[in-house]
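For reference, the structure discussed in these notes is given below.
Residue numbering restarts at 1 for every chain, and letters A, B, ... go by the order of the sequence lines. Just so you know, these numbers come straight off a predicted model, no measurement behind them.
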There are 2 protein chains.
Amino acid sequence: MKLGRISVATPFGPVTRLVAVDTVESRVIDLATAEILRLQAKGATQEAAQRFASAIFPGSMSAAIGLGDIFLETAHEAVQARADDASTATSSVNWLSAIDPPVIRDGLTFVKHIKQFHERIGAEPTEALLEIPGYFKGTPFTAVGHDAEVPKPFYTDYFDYELELGYIVGRVCHNLTPDEAQRAIFGVTIFNDFSARDIQKLEMKIGMGPGKGKDCAFGIGPWIVTMDEIGRLDDLEMAVRINGKEYSRGDSAETIWTPGESLAYMSISEYVQPGDLFASGTVGNGSGLEIGRKLEAGDVLELEVSRIGTLRTKIGPPEEKRWWPERRRKFW
Amino acid sequence: MKLGRISVATPFGPVTRLVAVDTVESRVIDLATAEILRLQAKGATQEAAQRFASAIFPGSMSAAIGLGDIFLETAHEAVQARADDASTATSSVNWLSAIDPPVIRDGLTFVKHIKQFHERIGAEPTEALLEIPGYFKGTPFTAVGHDAEVPKPFYTDYFDYELELGYIVGRVCHNLTPDEAQRAIFGVTIFNDFSARDIQKLEMKIGMGPGKGKDCAFGIGPWIVTMDEIGRLDDLEMAVRINGKEYSRGDSAETIWTPGESLAYMSISEYVQPGDLFASGTVGNGSGLEIGRKLEAGDVLELEVSRIGTLRTKIGPPEEKRWWPERRRKFW
């Protein structure tokens with residue numbers, strides 16, 4: 001099943017809705033609406049059906065996933081029963097980030113990207129990459145969905161994209177083995193880890209991970225493909241287009257760590273949450289850094305992954321610069 | 001005002017409650033209970049009063065702060081009206097982390113700690129620290145409150161504490177100036193950035209910030225002191241005790257960046273949330289690393305800050321090791 005989040009205008013303001021995506025018929029099915037119709041046909045009052053449907057299909061995809069198996073089971077039943085009565089054409093949909101993750105984590109697992117990235121910056125990879133599946137954490141509050149506009153940050157001269165797979169966690173994970181962790185993955189989406197390369201370089205000197213280098217935006221979408229539907233994860237083909245022109249192709253083969261190993265590591269001593277997103281790190285050829293292309297205002301970026309879809313983002317003009325720190329005097 | 005979160009046992013399982021803390025009378029006041037009594041005296045039915053009180057005083061402190069000024073105004077009114085009828089002795093309280101932050105950020109701002117830390121590790125600080133108020137992000141799902149037990153992570157031989165101030169954000173912050181950011185701070189608490197030094201060192205080589213080095217636990221509490229009550233932030237005195245013995249003292253003087261500057265930087269291109277916690281970085285003498293003391297199972301750690309209180313944590317035995325990554329073969 002393909003699952004997404006959309007925003008719908010109402011007389012009381014915009015409302016977030018969970019939808020199933022039917023790519024064959026180019027339509028989305030409003031899950032709560034379909035479920036209300038299904039329940040009413042089984043004797044529920046409209047009020048009770050609404051109460052039940054909004055508990056199973058709230059606006060938060062993470063909250064829905066947090067309900068466990070009943071979420072996906074009910075989604076299948078609702079779509080099977082009443083898809084035709086709860087559909088909207090995909091063309092008229094206002095997409096939100098496919099998941100609203102409590103925590104975003106992002107690793108570095110694709111062998112080809114690691115080689116190419118380090119050739120480009122003229123440095124050898126650290127052997128620590130071979131010891132642990134390290135990762136950084138991003139703020140979830142700049143996540144955007146398909147067809148969003150992302151302002152080029154005012155503080156960067158090198159705005160870049162990173163084409164990645166985003167794995168969505170299905171359960172609370174704590175001290176799992178890789179096998180257990182693999183089974184705890186709910187689905188996969190396209191993840192764009194936007195990067196401001198110049199400030200990222202400065203932040204890396206401090207050693208606390210990226211802040212302004214990454215947290216300006218994360219593209220997530222267009223929808224989540226559940227694990228039973230996506231099948232294998234190591235044969236996905238990927239393409240990057242800017243303004244309609246293909247700039248690079250890659251695939252999901254050859255990683256240092258499997259998704260299950262990455263998630264198992266993340267779960268050690270922590271409580272990874274249902275709806276958390278952890279990303280694969282950039283696929284080979286998946287960043288502008290590898291091909292010498294910077295993003296500028298006006299660019300339209302498309303990241304395509306086979307069996308998932310295409311995540312499109314428009315780069316907008318910078319926001320106004322209101323403040324930036326001035327260098328302090330050396331005190332040592 | 002001092003505000004905290006506690007867990008209360010009920011016939012239907014544990015419930016999280018927001019409380020005001022009265023340190024003079026050694027009691028906590030259940031805010032929803034006091035508000036229900038106040039509303040009933042003004043003509044509300046019990047059901048309506050409960051509905052209103054649970055909307056203003058939910059279990060989530062972040063959600064309460066997200067309501068804006070009405071949260072603190074109503075808390076004052078409720079306490080003033082009915083504190084005596086909604087009180088419990090502090091001694092019998094089960095504390096939770098004072099805040100449930102959507103995002104935890106933690107910087108490095110205390111001049112004395114930066115000097116001492118780098119002397120200890122035998123390296124010069126990076127000048128990048130003088131250019132930007134860098135920070136890392138921690139997972140909020142291992143936050144614990146006063147009197148919690150934290151297992152020593154099984155993967156570390158050097159478990160450490162870091163005594164810090166934790167600032168609680170009061171509003172959505174986006175591209176703020178330092179003055180605006182300073183006014184957006186809701187209150188301050190004690191923050192213990194537990195650290196596994198050996199794995200932290202390995203993770204720093206990867207350059208993506210700490211994962212297992214920090215996310216095993218964050219101590220937050222015992223309560224939040226609002227900005228109007230705490231007054232100045234640069235004259236707080238701090239002490240570290242382990243098993244009752246004082247190990248070090250510090251103070252909050254001399255930072256590279258003010259809290260307002262740190263928050264302004266965090267807000268650039270991001271949306272910092274109400275209830276987010278950002279920490280000051282370790283105060284001088286605030287870590288075991290500076291004095292050669294490691295935490296071991298059985299230790300009782302107390303971090304005291306003047307005008308706030310004492311945050312106590314017991315170090316427990318390690319959890320079972322179920323998996324740890326094996327080193328991969330070099331591929332470059």
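- Residue contact with chain A, scored on non-hydrogen atoms closer than 4.5 Å, involves the backbone of B:Arg329 exclusively.
- Other residues, nucleotides and ligands contribute over 12 non-hydrogen atoms within 6.0 Å of the CZ atom of A:Arg120.
- With a 4.5 Å cut-off on non-hydrogen atoms, A:Glu131 touches chain B through its backbone and its side chain both.
- Summarising the geometry of A:Arg322 relative to B:Asn175, their closest heavy-atom pair is NH1-O, 2.8 Å, with the distance given to 0.1 Å.
- Here OG1 of A:Thr126 is found 12.0 Å from CE of B:Met204. Values are rounded to the nearest 0.5 Å.
- Residues A:Lys330 and B:Leu130 are in side-chain contact: their nearest non-hydrogen atoms beyond the backbone lie under 4.5 Å apart.
- If you tally non-hydrogen atom pairs under 4.5 Å between each of A:Gly138, A:Pro140, A:Pro178, A:Gly213 and chain B, the highest count goes to A:Pro178.
- Residues A:Val111 and B:Trp332 fail the side-chain proximity criterion, which asks for heavy atoms closer than 4.5 Å.
- Put simply, the side chain of B:Glu203 reaches to within 4.5 Å of the side chain of A:Ile132, judged on heavy atoms.
- Side-chain contact check for B:Thr139 versus A:Tyr271: every heavy-atom pair is 4.5 Å or farther apart.
- The distance from atom NZ of B:Lys137 to atom CZ of A:Arg105, rounded to the nearest 0.5 Å, is 12.0 Å.
- Between B:Lys212 and A:Glu270 there is a salt bridge, since at least one side-chain N of the basic residue sits less than 4.0 Å from a carboxylate O of the acidic one.
- Looking at A:Leu108, both its backbone and its side chain come within 4.5 Å of chain B, counting heavy atoms on both sides.
- Both the backbone and the side chain of B:Glu261 come within contact range of chain A, with heavy atoms under 4.5 Å apart.
- Among B:Ile268, B:Leu129, B:Asp276, the residue making the largest number of heavy-atom pairs under 4.5 Å with chain A is B:Ile268.
- Contact tally against chain B (heavy-atom pairs below 4.5 Å) for A:Glu320, A:Met266, A:Gln273: the top residue is A:Gln273.
- By the side-chain contact (heavy atoms from CB on, under 4.5 Å) test, A:Arg197 pairs with A:Phe117, A:Tyr158, A:Asp160, A:Glu162, A:Ser195, A:Gln200, A:Lys214, A:Ser287, A:Leu289, sequence neighbours left out.
- When each of B:Ala217, B:Gly211, B:Ser267 is scored by its heavy-atom pairs under 4.5 Å with chain A, the top score falls to B:Gly211.
- Figure legend: B:Lys115 and A:Phe331 shown without cation-pi pairing, the cationic atom not lying both under 6.0 angstrom from the six-membered ring centre and within 45 degrees of its axis.
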